[in-house]
Amino acid sequence: AAAARPPLSVLGVGCGDGEVDLRLMLALRSALTRARPGAARLRYVALEPNGAAAELFRARLELARSTGALGGPEETSALILEERFDERPLRGSLGGASSAESGG
């Protein structure tokens, strides 16, 4: 048996109420289904620091799930985190690994 392909992973930052991100998720789900029938998995992680907006995104996501538009949880996994990415120092830089990561 062939090894399972890893999911297509997407990170959304500052997603608000998820209106745009959900459209993107639906488009990706459709494209993946056409490109890899039976083996198309999507992993979507969203960062939204505003709790009210994150809750609206979750509600939109649940509605889309209830209609079957995103497939089952094994086909599309989604995680909405109420976090900011700029509160902690980022490891590495655009130029490569930081000195701590590179061992020097």
Side-chain angles (χ1 to χ4, degrees):
R5 287 186 174 179
L8 172 65
S9 295
V10 178
L11 173 64
V13 178
C15 303
D17 66 6
E19 180 180 357
V20 172
D21 288 70
L22 188 56
R23 281 192 227 158
L24 175 62
M25 290 173 74
L26 292 168
L28 288 170
R29 171 83 261 136
S30 177
L32 282 171
T33 300
R34 286 191 311 272
R36 299 190 242 169
R41 296 183 301 144
L42 174 63
R43 178 178 175 250
Y44 202 93
V45 177
L47 300 178
E48 175 49 58
N50 181 294
E55 281 304 312
L56 286 171
F57 193 170
R58 286 185 188 100
R60 287 179 190 274
L61 184 61
E62 287 308 310
L63 180 61
R65 282 199 187 284
S66 72
T67 66
L70 291 173
E74 68 284 347
E75 296 169 317
T76 303
S77 66
L79 178 62
I80 301 168
L81 301 172
E82 292 176 37
E83 290 189 24
R84 297 174 58 110
F85 69 93
D86 60 350
E87 290 179 340
R88 296 179 214 131
L90 296 175
R91 292 188 171 182
S93 65
L94 294 177
S98 69
S99 59
E101 291 174 326
S102 62

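Counting from 1, the numbers follow the sequence of the chain as shown. Just so you know, these numbers use all the heavy atoms, side chains as well, and skip hydrogens, waters and symmetry mates.
The structure places CG of Leu47 at 11.0 Å from CD of Glu82, a figure rounded to the nearest 0.5 Å. Expressed to the nearest 0.5 Å, how far OG1 of Thr67 lies from CD of Glu62 amounts to 11.0 Å. The line from CD1 of Ile80 to CD of Glu55 is 8.5 Å long, rounded to the nearest 0.5 Å. In this structure, CZ in Arg29 is found 10.5 Å from CZ in Arg41, a value given to the nearest 0.5 Å. Atom-to-atom distance recorded for Glu75:CD and Arg65:CZ is 10.0 Å, nearest 0.5 angstrom. Here the straight-line distance linking atom CE of Met25 with atom SG of Cys15 works out to 9.5 Å at 0.5 Å rounding.
Glu19 has its side chain within reach of Arg23: a pair of non-hydrogen atoms, C-beta onward, lies under 4.5 Å apart. Using a 4.5 Å cut-off on side-chain heavy atoms (C-beta onward), Val10 and Val45 make no contact. Within the 4.5 Å cutoff, the side chain of Leu24 has heavy atoms near those of the Tyr44 side chain. In this structure the side chain of Leu70 reaches within 4.5 angstrom of the side chain of Leu22, judged on heavy atoms.
Under the 4.5 Å side-chain contact rule for hydrophobic residues, Leu79 and Leu42 do not share a cluster. There is a path of hydrophobic side-chain contacts, each under 4.5 Å, that joins Phe57 to Leu26.
The two residues Gly14 and Glu48 make their nearest non-hydrogen contact at C-OE1, 3.4 Å.
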